[in-house]
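This one's a predicted model, so the numbers in the text were calculated from it and none came from an experiment.
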Amino acid sequence: MEPLYEEYLASRGTIVKPYYWLSFSLDCSNCPYHIRTGEEARVPYTEFYQIFGFPYGPTYPPTKHLTFFELKTSSGSLGQKGHASSCTGNDTHPESMLFEVNGYLDSTVHNNDRITHITLYSSNSPCNEANHCCISKMYNFLAKYPDITLSIYFSQLYHTEAEFPASAWNREALRSLASLWPQVTLSPISGGMWHSLLSNFVSGVQGATVFQPILTGRALADRHNAHEINAITGVKPYFTDILLQAKENPNIKAQAALEGYPLNNVFPRQSFQVPSGQLQPNLTLDPRVPVVFVLVPYRDLPPIHVGPSPHKPRNIIRHLNMPQISFQETGDLRKSPIGMPVKRAEITRQFASSKEADEKKKKKGKN
């Protein structure tokens with residue numbers, strides 16, 4: 001395997017050029033080292049807040065993409081951790097870099113058969129738009145390594161709303177990727193997982209700061225993400241509903257705030273459904289009101305058991321690379337290709353001549 005990337009040893013891990021031809025660029029502050037491993041993968045808290053929207057909630061529009069990753073063995077031990085950042089100069093998403101053929105993950109898994117599970121913590125859900133093809137590359141990677149399981153956690157959905165031209169394409173690609181369950185799981189980041197990210201991937205965060213409360217705006221966004229990904233894929237995600245926990249626990253001081261929080265005022269562009277049978281909230285509170293003050297630390301998910309899924313979507317499209325059709329071709333799809341009428345004319349003449357010959361033979365036979 002001829003690697004597509006170049007990796008260099010740094011003081012606290014490694015720095016990686018995902019494409020060997022990349023060089024320093026004024027258009028991208030992260031070029032050329034978009035992949036960093038070990039402790040080099042930590043990012044400043046301000047960057048984590050701006051890209052992941054923690055603890056206050058998502059920021060619009062997302063200008064940068066960031067994906068943290070963990071490579072684990074079958075025993076659950078961590079083999080490697082790192083991050084991949086988007087390239088603003090070349091408009092390339094982190095997942096597209098990571099899952100490139102002969103790229104970093106391809107080479108790492110190929111050379112280390114002890115790796116059996118990959119976990120992604122992404123600022124955005126993966127897309128399959130023409131410039132990135134993130135999900136197509138994931139699909140091909142998983143087909144090449146069928147024993148690898150992949151868990152994807154995201155902070156917000158990317159271009160799945162109807163206002164985006166590629167939304168239908170992205171939703172169908174997410175649905176197709178989720179159909180690989182249990183090899184693949186798609187879930188929102190939620191609950192104590194936020195604190196795990198602070199502890200493992202953010203620099204300058206110590207002590208009580210790691211376990212800071214998840215605020216209402218963030219918790220509502222996580223709930224919305226869980227509802228939306230379930231609606232898109234038909235597969236129930238792994239999700240910790242902090243709002244529900246706070247409401248059921250009478251010892252949590254934020255309970256009164258949760259009961260009076262207007263779900264529809266969190267994000268103007270998004271709507272949240274209130275379950276039937278519940279009163280519509282009527283108080284207006286700041287989305288920075290803490291939801292919980294003590295959280296159970298995030299624990300790894302139980303092992304994924306391979307077997308048939310009773311909840312798979314019925315209509316699954318596995319071919320993600322659709323042919324590109326030009327505007328000229330779409331003008332009239334019913335027109336026959338050039339040259340076809342000529343062939344048809346020849347066939348018609350041949351058929352007519354043979355038919356006339358048969359009729360002459362019949363007449364001679366009668367005579």
Side-chain angles (χ1 to χ4, degrees), residues 13 16 18 30 34-59 62 64-72 76-86 93-99 104-105 108 115 117-127 134-135 137-138 141-142 148-158 174 177-178 184-203 205 210-212 214 218-219 221-226 228-229 237-240 242 295 297-301 304:
V16 181
N30 292 322
H34 283 280
I35 300 175
R36 295 175 178 267
T37 70
E39 292 303 300
E40 289 289 334
R42 292 186 179 272
V43 299
Y45 180 79
T46 53
E47 182 178 355
F48 179 73
Y49 157 66
Q50 291 171 356
I51 298 178
F52 275 81
F54 181 86
Y56 302 119
T59 56
K64 292 184 179 180
H65 298 243
L66 184 65
T67 296
F68 300 113
F69 63 86
E70 292 177 337
L71 311 181
K72 295 185 177 181
S77 60
L78 181 65
Q80 179 66 281
K81 76 171 185 178
H83 85 230
S85 58
S86 60
H93 287 174
E95 297 89 348
S96 180
M97 297 179 187
L98 285 173
F99 290 92
Y104 183 76
L105 288 182
T108 302
I115 296 173
H117 187 69
I118 299 174
T119 305
L120 303 182
Y121 307 96
S122 299
S123 57
N124 297 274
S125 60
C127 77
C134 303
I135 293 179
K137 292 179 181 181
M138 288 180 178
F141 176 88
L142 293 168
I148 295 290
T149 54
L150 174 64
S151 296
I152 304 171
Y153 300 96
F154 57 90
S155 175
Q156 61 192 75
L157 289 160
Y158 182 76
L174 286 171
L177 184 63
V184 177
T185 57
L186 275 164
S187 306
I189 301 173
S190 63
M193 200 177 299
W194 285 110
H195 298 151
S196 177
L197 290 177
L198 287 174
S199 176
N200 297 327
F201 292 102
V202 180
S203 58
V205 179
V210 174
F211 294 97
Q212 61 181 290
I214 297 177
R218 182 67 261 172
D222 297 343
R223 175 191 281 183
H224 174 73
N225 289 336
E228 285 297 306
I229 197 65
Y238 172 82
F239 171 61
T240 302
I242 297 301
L295 288 177
Y298 167 66
R299 296 180 177 87
D300 289 336
L301 296 177
I304 297 176

Minimum-distance pair of heavy atoms, taken over all atoms of Ser85 and Pro94: C-CG, 3.9 Å

Residue from Tyr56, Phe54, Trp194 passing ring-ring contact (aromatic ring centres under 6.0 Å, His included) with Tyr49: Tyr56

Apply the test side-chain contact (heavy atoms from CB on, under 4.5 Å) to residues Ile214 and His195: give CA-CA distance (whole Å), side-chain angles for both, the deciding distance (0.1 Å), then the verdict. CA-CA 9 Å; Ile214 297 177; His195 298 151; 4.2 Å; yes

Please examine the side chains of Ile35 and Leu98, heavy atoms only from C-beta on, and report whether any two atoms are closer than 4.5 Å. yes

Taking the side chain as every heavy atom from C-beta outward, state whether His83 and Val43 have any pair of such atoms under 4.5 Å apart. yes

For a quick check under 3.5 Å, do His93 and Ser86 share a side-chain donor-acceptor pair by atom type? no

Do Phe99 and Leu120 touch side chain to side chain, with heavy atoms closer than 4.5 Å? yes

Test your reading of the model: is there a side-chain donor-acceptor pair from Ser125 to the backbone of Tyr158, 3.5 Å cut-off? yes

Walk me through whether Ile229 and Leu157 qualify under side-chain contact (heavy atoms from CB on, under 4.5 Å). CA-CA 8 Å; Ile229 197 65; Leu157 289 160; 4.1 Å; yes

When rounded to the nearest 0.5 angstrom, what is the spacing between CD1 in Ile152 and CG in Leu186? 4.5 Å

Give the C-alpha distance, both sets of side-chain angles, the deciding distance and a yes or no for side-chain contact (heavy atoms from CB on, under 4.5 Å) between Gln156 and Glu228. CA-CA 10 Å; Gln156 61 192 75; Glu228 285 297 306; over 6 Å; no

Polar side chain donor-acceptor pair, Thr119 to His117, under 3.5 angstrom: yes

Could you state the interatomic distance from CD (Glu70) to OG (Ser151), rounded to the nearest 0.5 Å? 10.0 Å

Under a plain distance cut-off of 3.5 Å, with no hydrogens placed, do Ser122 and Glu95 share a side-chain donor-acceptor pair? yes

For the student: nearest non-hydrogen atoms of Pro237 and Pro188, plus distance: CB-CD, 3.9 Å

What are the two closest heavy atoms between Gly82 and Phe201, and how far apart are they? O-CE2, 3.6 Å

Do Arg218 and Ser155 have side chains that get closer than 4.5 Å, going by heavy atoms? yes

First locate atom CG of Asp222, then atom CD1 of Ile189, and finally report the distance between them rounded to the nearest 0.5 Å. 8.0 Å

Quick check for you: to the nearest 0.5 Å, what is the distance between Ile115 atom CD1 and Thr149 atom OG1? 11.5 Å

Give the C-alpha distance, both sets of side-chain angles, the deciding distance and a yes or no for side-chain contact (heavy atoms from CB on, under 4.5 Å) between Phe48 and Leu198. CA-CA 9 Å; Phe48 179 73; Leu198 287 174; 3.7 Å; yes

Give the minimum heavy-atom separation between Met138 and Leu177, together with the two atoms involved. SD-CD2, 4.0 Å

For residues Lys137 and Leu105, determine if any side-chain heavy atom of one lies less than 4.5 Å from a side-chain heavy atom of the other. no

A side-chain contact here means heavy atoms from C-beta on lying under 4.5 Å apart; do Tyr104 and Pro18 qualify? no

Minimum heavy-atom distance between Cys134 and Pro126, given as atom pair plus value: CB-CB, 4.4 Å

For the OG1 atom of Thr37 and the CD atom of Gln80, what is their distance to the nearest 0.5 Å? 4.5 Å

Looking only at the aromatic ring of each residue, does the gap between the centers of Phe52 and Phe68 stay below 6.0 angstrom? yes

Rounded to the nearest 0.5 angstrom, the CZ-OG distance for Arg42 and Ser199 is 6.5 Å

